[in-house]
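See below for the structure under consideration.
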2 protein chains.
Amino acid sequence: MTETFDIGFLLFPELTQLDMTGPAQVLARMPGAKLHFVWKNLDPIKDDCGLTFLPTTTFADCPQLDMICVPGGYGTSAVMRDDAALSWLRKQAEGAQFITSVCTGSLILAAAGLMTGYKAACHWAWRDLLPQFGVIPVADRVVEDRNRISGGGVTAGIDFAFHIAEKLHGRDVAEMLQLVLEYDPAPLSGGTPETARKPILDMTRAAMTARGFDLRRDEIAAIASAR
Amino acid sequence: MTETFDIGFLLFPELTQLDMTGPAQVLARMPGAKLHFVWKNLDPIKDDCGLTFLPTTTFADCPQLDMICVPGGYGTSAVMRDDAALSWLRKQAEGAQFITSVCTGSLILAAAGLMTGYKAACHWAWRDLLPQFGVIPVADRVVEDRNRISGGGVTAGIDFAFHIAEKLHGRDVAEMLQLVLEYDPAPLSGGTPETARKPILDMTRAAMTARGFDLRRDEIAAIASAR
């Protein structure tokens, strides 16, 4: 019999859903995996692109998790100021085997004090804010430091999840899951600030601010200095 | 002012959520895009990995869409026999600019008679069933034939969506969205049956059947012969 491996995603308003749904699709197919989607209550949660999710459990009712995963998104700064969410993360972290994040979720772990002195990944546009919380930013797609494992921006969550699958179940199982999910991506060039054409990078920064893609840097800095 | 581009995803029980959530995350950030998640009623929909979604509208209330997108998953064969879903797809197809699918969603379009004589992509494990519906299978990640655009298995939906973004808004916007979503994937090798190691391919086929990942081939063949 396969032992159950309880994975809990923190679900919150205005999350970037692919930070969570990408890893969820991969991790759900690991032997024994059981997924939980957790928020303070069971009310529907709206993401940043028109989808609405129902939490499966609450902070009060969630069992001890083997792995916590915190996604990011517009809603990041609100969660960084949410004592109930941060307390729940701290409490779960005491018993969890892995404490993980995708995208700006590492800023939430940082605000909970769970990344202090650790290396972490983050979405490229907010990665430089990590040191204000005592976290060491790394510009990799997946970053592992002791039992903290973090993915970079949005789509990096899929690579992060295959990394977890390989770590827990070995290379063959990870390759098997890649085949099941037909993971043979065909990106255009320029998916990172280092590889993007300069005009595209400039246009992207401008659009992220103008069109409200932006998680406000000043809010995060204020949270850091209030600590 | 940007004109609205209405994109409707067919939401159904036991869909493979990443078939939908991957493209949704990309397409939601196209200028003017408005996303709809459509089912016969507004009851919560459970996917294949523990997530529950709320539809945003119903077959009866959904406005005319500019683009229909049908995901796949375990629930595919049930939708292929669902007259209300197939009728709605046919009705929307009359006015839609693009009729699209991800993964085994092309089998649903095929069952609706909307892919007859067209080339289409599909998840590799079910692609060979398309000819029973008069559809020409193509082993590409994204397949375009007139106004039918289809993605291959699961993660191919992300490449499919960037293809749509490039087609509608040009290369610069597509690259911009890749940068926003940090799309610079780092797969292991072997994400397709052609590139997978033979023992992994054999193990995957066995696991897909044994562990209930399987969308039953015999059911789909029966639907084809009943037409």
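Chain letters run A, B, ... following the sequence lines, proteins first and then strands; every chain starts at 1.
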request  = Could you have a look at V173(B), L179(B), T52(B), I200(B) and say which one has the most heavy-atom pairs with chain A under 4.5 angstrom?
outcome  = L179(B)

query = So which of L27(A), T195(A), L18(A), I45(A) has the largest heavy-atom pair count under 4.5 angstrom toward chain B?
reply = L18(A)

request  = Tell me, out of L201(A), L51(A), L54(A), L188(A), who's got the most heavy-atom pairs with chain B below 4.5 Å.
outcome  = L188(A)

ask   = Is the backbone of V180(A) close enough, under 3.5 Å, to the side chain of H123(B) for a donor and an acceptor to pair up by distance?
value = yes

key: chain A interface, residue from L35(B), V154(B), I158(B) that has the most non-hydrogen pairs under 4.5 Å   = V154(B)

ask   = Are R141(A) and T155(A) linked by a side-chain donor-acceptor pair shorter than 3.5 Å?
value = yes

query = So which of R197(B), R205(B), M203(B) has the biggest tally of heavy-atom pairs under 4.5 Å with chain A?
reply = R197(B)

ask   = Can we say D48(A) and R29(B) salt-bridge, meaning some charged N sits less than 4.0 Å from an Asp/Glu carboxylate O?
value = yes

query = Hey, is the main chain of D61(B) close enough, under 3.5 Å, to the side chain of T58(B) for a donor-acceptor pair?
reply = yes

request  = Sort T21(B) into side chain, backbone, both or neither according to what part of it lies under 4.5 angstrom from a heavy atom of chain A.
outcome  = both

message = What part of P44(A) gets within 4.5 angstrom of chain B, counting heavy atoms only: side chain, backbone, both, or neither?
response = side chain

query = Parallel, tilted or perpendicular: which describes the rings of F59(B) and W88(B), with under 30° parallel and over 60° perpendicular?
reply = parallel

task = Please determine, among A125(A), A174(A), A186(A), G22(A), the option with the most heavy-atom pairs under 4.5 Å with chain B.
result = A186(A)

ask   = Should we say atom NZ of K40(B) is surrounded by more than 12 heavy atoms from elsewhere, each under 6.0 Å from it?
value = yes

ask   = Can the ring centres of Y183(A) and F162(A) be said to be less than 6.0 Å apart?
value = yes

key: Backbone of A121(B) reached by a side-chain donor or acceptor of S106(B) within 3.5 Å   = yes

request  = Against chain A, label D159(B) side chain, backbone, both or neither, depending on which of its atoms sit under 4.5 Å from a heavy atom there.
outcome  = side chain

request  = Could you look at T56(A) and say if it's the side chain, the backbone, both or neither that has a heavy atom under 4.5 Å from chain B?
outcome  = side chain

note = Bottom line for P193(A): the part with an atom under 4.5 Å from chain B's heavy atoms is both

Side chain, backbone, both or neither of P199(B) within contact of chain A (heavy atoms, under 4.5 Å) = neither

query = Of all of M20(B), Q25(B), K34(B), which one pairs up most often with chain A through heavy atoms under 4.5 Å apart?
reply = Q25(B)

query = Pick from S189(A), A156(A), C103(A): which one has the most heavy-atom pairs with chain B under 4.5 Å?
reply = S189(A)

task = Name the option with the most non-hydrogen atom pairs under 4.5 Å to chain B; the candidates are T192(A), L181(A), L11(A).
result = L181(A)

task = State the CE-CZ distance between M67(A) and F9(A), to the nearest 0.5 angstrom.
result = 6.0 Å

remark   = Closest non-hydrogen atoms of F37(A) and C49(B), given as atom of the first, atom of the second and distance, are CE1-O, 4.3 Å

query = Tell me, side chain or backbone of D19(B) under 4.5 Å from chain A's heavy atoms, or both, or neither?
reply = neither

task = For the pair F12(A) and W39(A), name the ring-plane relationship: parallel under 30°, tilted 30 to 60°, perpendicular over 60°.
result = tilted

query = chain A heavy atoms under 4.5 Å from A196(B): which part of the residue, side chain, backbone, both or neither?
reply = side chain

